[in-house]
There are 2 protein chains.
Amino acid sequence: MDSTWHNTIDKVIHEPARLSMLACLYVVESADFVFLQRQTGLTGGNISSHMSKLEDAGYVKVVKTFVGKRPNTSFQLTPKGRGSLETYCGTMKQVLGDLAD
Amino acid sequence: MDSTWHNTIDKVIHEPARLSMLACLYVVESADFVFLQRQTGLTGGNISSHMSKLEDAGYVKVVKTFVGKRPNTSFQLTPKGRGSLETYCGTMKQVLGDLAD
DNA sequence: CGATTCAGTTTGCATAGCAAAGTATATTGC
DNA sequence: GCAATATACTTTGCTATGCAAACTGAATCG
């Protein structure tokens, strides 16, 4: 493994709270605000601000609608987000693979 | 995998530059300042400040000596550091294991 | 000696994450 | 019908962080 791999890791993805949300989205394809909040145990504020970052990076698409009369925000991974997550994953697995559990 | 794993990850270790250095130390048992700098491609300033954190956390032991008339600083993982790194590793491998490469 | 190099450390700053407070609408209790 | 609570978020404020650049002190070179 290249010893300078650390320069290549994507900080947007590397943040645990975001990785947590991305891992959810990777599996379920679409999830809404409250679901993610319950699933990850993050506060609403954190979901909100982290999702803005993911949106700015082009990693998630945000869809705002109304369910009944209440607002509903749902998220899904973009192809770009999926690709970047897989790249990140590959790099980290290699790094960690060189170390025992 | 528990969906709130992100609360358990060790931020001291999670930082890529530090993980990079720790990965070196995990393998070689002892390395000096210049070796790590070359190996990781980090600047001297970064090695210095990151190592202070690792030292504060009790993860590395720092030994300052002189080689000839020049100062030489060498580092090695403490048992605590080794343990924490392994825990971190295990958690991350599980998280990443649930995602394809 | 004066300049440069080597081995680190310290400083300055821009960014980041997190909790708490705030906003806006909807619903419930009386 | 209206005050109080709840829901679904967003914004703010603060602290901490990583990084590059500047700095220190000693040693070697010309």
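Please read all numbers here as calculations on a predicted model, not as lab measurements.
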Under-4.0 Å salt bridge between A/Glu86 and A/Lys93
no
side-chain hydrogen bond (donor to acceptor under 3.5 Å, both in side chains) filter on B/Asn7, not counting sequence neighbours, yields none
For B/Lys11, the salt bridge (charged side-chain N to carboxylate O under 4.0 Å, His left out) test, sequence neighbours excluded, returns A/Glu15
Distance col, row A/Thr73:OG1 vs A/Ile47:CD1, nearest 0.5 angstrom, shows 11.0 Å
*Any donor-acceptor pair under 3.5 Å linking the side chain of B/Ser84 with the backbone of B/Gly81?*
no
Ordered by number, residues from residues 57-64 of chain B within less than 4.0 Å of DNA chain C (heavy atoms) are B/Lys64
- prompt: Looking only at atom types and distance, does a side-chain atom of A/Arg18 sit under 3.5 Å from a main-chain N or O of A/Val12, one as donor and one as acceptor?
  reply: yes
Footprint ends on DNA chain C, 5' to 3', for atoms under 4.0 angstrom from a heavy atom of chain B, come out as C/dC6 to C/dC18
Close N or O pairs between protein and nucleotides 11-21 of chain D (under 3.5 Å):
residue: D/dT17; atom: OP2; partner: B/Lys53; partner atom: NZ; Å: 3.3
residue: D/dT17; atom: O5'; partner: B/Lys53; partner atom: NZ; Å: 3.0
residue: D/dG18; atom: OP1; partner: B/Arg18; partner atom: NH1; Å: 2.8
residue: D/dG18; atom: OP1; partner: B/Arg18; partner atom: NH2; Å: 2.4
residue: D/dG18; atom: OP2; partner: B/Arg18; partner atom: NH1; Å: 3.1
residue: D/dG18; atom: OP2; partner: B/Lys53; partner atom: NZ; Å: 3.4
residue: D/dC19; atom: OP2; partner: B/His50; partner atom: NE2; Å: 2.9
residue: D/dA20; atom: OP2; partner: B/Asn46; partner atom: ND2; Å: 3.1

So side-chain hydrogen bond (donor to acceptor under 3.5 Å, both in side chains) across residues 33-45 of chain B, not counting sequence neighbours, yields B/Thr43-B/Asn46
Sorted by position of nearest nucleotide on DNA chain C, 5' first, the leading residue of A/Pro71 and B/Asp32 is B/Asp32
Within the 4.0 Å heavy-atom criterion, would you say B/Ser52 contacts the bases, only the backbone, or no part of the nucleic acid? nothing
